[in-house]
Amino acid sequence: MVTALLSSTLFLFVAQSRPQMYGQIYRMPEGVETRWISFENPTGAKGAGGKVNQGAKGAAYRPVKAGETVVLADLQGSGTLRRMWVTLGTRTPRALRSYVVRMYWDGAERPAVEVPFGDFFGAIHGRALPFESELFANPEGRSFNSFVPMPFRKSARVTFTNESNELLPQLYYEIDATVGEDHPADVLYFHAIWRRERWTELGKDFEILPHITGKGRYIGAHIGIFGHPLNDGWWGEGEVKVFLDGDGEWPTLVGTGTEDYILTAYGQGTYSNRYAGSLIVDDQTRTWAFYRHHLPDPVFFHQEVRVTLQQMGATSKARALLLSKGGVEVQQTALHAAGAIHMLLDEKRSLDDPVLPNGIAMYYRRDDVSAVALFYLDRPENGLPAIAPLEKRLEAIQ
């Protein structure tokens with residue numbers, strides 16, 4: 001992890017493989033101290049831990065009332081948040097989408113991180129499932145861990161808000177930090193935002209990360225899909241696009257399909273890997289959830305960035321024609337048949353052209369898409385809109 005001696009290599013930390021990243025564990029940084037923050041030691045103060053009930057585990061957790069905000073950490077000076085561990089007495093999908101985590105760096109008025117608790121920790125759609133990646137883990141579906149390094153220069157403040165209408169009976173947590181680092185100028189601030197469209201606009205890409213300016217690094221995303229109830233075709237042909245540093249209509253970085261972006265191919269099942277995973281694949285309810293973390297493959301930006309997910313699907317030619325004639329909102333784009341690609345948009349043709357052979361039809365479609373975008377930026381605030389209100393977050397969450 002990043003220490004005072006290694007803080008200038010923050011990017012390197014998250015880009016290296018596991019054996020390499022632990023290669024400096026024998027170094028002793030001068031003046032850097034470790035703090036564990038929990039209800040047993042809310043300030044992390046030296047020699048102040050575990051005092052309640054004469055040290056006999058008197059403050060392991062606390063309840064959180066409906067509408068209440070709890071300060072999980074409020075550190076002054078420089079340092080780095082290293083790990084967050086949380087477990088909750090209520091872990092239903094609606095609860096995990098109702099709780100909100102916010103993080104503020106260096107006294108900023110607006111949070112750098114403002115996300116639904118569950119989606120941030122990988123419980124996409126609020127569904128807590130066992131998984132492990134390089135940055136997040138839920139070993140048995142009952143705890144929530146983040147290992148994302150989060151540097152700060154003047155202060156760090158982390159809050160948890162219960163925006164549900166029910167009491168959370170137990171909130172356990174621990175935030176591990178180091179304090180006293182002297183961060184050089186090239187160390188960035190961690191940010192995370194969540195957004196959702198129900199439903200996406202036909203022919204328009206969903207914005208995983210809306211346009212922001214500054215220098216930084218896009219780290220990746222946790223993405224959830226609810227497939228349109230009238231469209232039973234494959235939804236995942238859309239390409240991820242990254243618009244960098246002056247890009248206009250066309251991006252510099254573009255992928256080849258959604259499942260390709262998360263490191264698999266020809267559809268996707270369930271799996272959990274270090275840099276990508278597919279945690280929910282439910283064809284019956286048409287629900288999918290997956291993540292991608294750009295650690296060994298950095299995505300840097302020097303002036304500005306925007307990241308989108310194309311809303312495109314595929315099905316048989318015959319089925320695509322039935323969808324169009326049945327009133328489902330689709331826009332035909334291409335036909336893959338007999339080793340050839342018929343560019344319907346360029347050729348100004350439709351699938352009902354009798355000359356066209358049978359094959360796999362591509363088409364723009366509408367789905368319910370949500371995403372947590374993870375990124376580093378050269379300032380504590382990102383200027384993006386506040387999180388959506390609770391009723392918008394809870395639509396279709398059971």
Side-chain angles (χ1 to χ4, degrees), residues 93-94 97 116 118-119 123-127 194-210 221-241 255-262 264-270 278-292 307-336 344-345 350-352 359-373 388-398:
R94 291 180 66 85
R97 181 58 71 79
D119 296 80
I124 304 164
H125 296 312
R127 292 173 58 175
W194 179 89
R195 62 184 313 277
R196 179 187 189 183
E197 290 184 22
R198 180 175 172 86
W199 305 85
T200 55
E201 184 177 336
L202 189 66
K204 183 179 179 181
D205 295 356
F206 172 82
E207 288 188 324
I208 296 172
L209 177 58
H222 303 165
I223 300 173
I225 306 286
F226 288 127
H228 197 285
L230 300 179
N231 193 333
D232 58 0
W234 165 241
W235 55 271
E237 290 301 322
E239 299 170 345
V240 170
K241 305 172 186 177
T256 59
T258 309
E259 80 273 41
D260 308 339
Y261 177 67
I262 60 171
T264 185
Y266 295 106
Q268 63 192 69
T270 56
S278 177
L279 303 180
I280 301 174
V281 176
D282 190 334
D283 293 323
Q284 297 300 312
T285 63
R286 304 200 52 71
T287 304
W288 294 268
F290 46 94
Y291 64 88
R292 173 76 156 90
V307 183
T308 68
L309 174 60
Q310 191 175 47
Q311 299 302 287
M312 182 174 286
T315 190
S316 68
K317 176 187 172 184
R319 182 59 184 160
L321 286 170
L322 286 175
L323 290 174
S324 296
K325 294 174 181 178
V328 180
E329 290 187 82
V330 297
Q331 180 183 358
Q332 302 163 8
T333 62
L335 178 68
H336 294 241
L344 301 182
L345 298 180
S350 172
L351 288 175
D352 56 13
I360 301 299
M362 304 287 176
Y363 55 89
Y364 289 127
R365 55 179 289 153
R366 302 181 65 199
D367 291 299
D368 179 330
V369 185
S370 61
V372 170
L390 181 61
E391 62 269 19
K392 297 294 185 182
R393 303 200 305 267
L394 288 181
E395 287 186 81
I397 301 297
Q398 301 299 321

Heavy-atom closest contact (Ala265 atom, Asp260 atom, distance)
CA-OD1, 3.8 Å
Under 4.0 Å between a Lys/Arg side-chain N and an Asp/Glu carboxylate O for Asp367 and Arg286?
no
Which pair of non-hydrogen atoms, one from Lys241 and one from Gln310, has the smallest distance, and what is that distance?
NZ-NE2, 3.6 Å
Step through it carefully: locate the ring centre of Phe290, locate the ring centre of Trp235, and say whether they are under 6.0 Å apart.
yes
Rounded to the nearest 0.5 Å, what's the gap from CZ on Phe206 to CZ on Arg195? Could you check?
5.0 Å
Can you tell me which residue among Asn231, Thr333, Thr315 is in a side chain to side chain donor-acceptor pair (under 3.5 Å) with Tyr363?
Asn231
Could you work out, with ring pair (Phe, Tyr, Trp, His ring centres under 6.0 Å) as the rule, every residue matching Tyr261, not counting sequence neighbours?
His294
For Ile360 and Ala314, which heavy atoms make the closest approach, and how far apart are they?
CG2-CB, 4.0 Å
Shortest non-hydrogen contact from Arg127 toward Pro93:
CG-CG, 4.1 Å
Heavy-atom pair of closest approach, residues Gly236 and Glu259
O-OE1, 3.1 Å
Using distance only, find each side-chain donor-acceptor pair of residues 323-330 under 3.5 Å and give its atom names and separation, not counting sequence neighbours.
residue : atom : partner : partner atom : Å
Ser324  : OG   : Ala320  : O            : 3.2
Ser324  : OG   : Gln332  : NE2          : 3.3
Glu329  : OE2  : Arg366  : NH1          : 2.6

Going by side chain to side chain contact (heavy atoms under 4.5 Å, CB included), name the residues that satisfy it together with Pro389, two or more places apart in sequence or in a different chain.
Glu391, Lys392
Please check if atom CD in Gln398 has more than 12 non-hydrogen atoms from other residues, nucleotides or ligands closer than 6.0 Å.
no
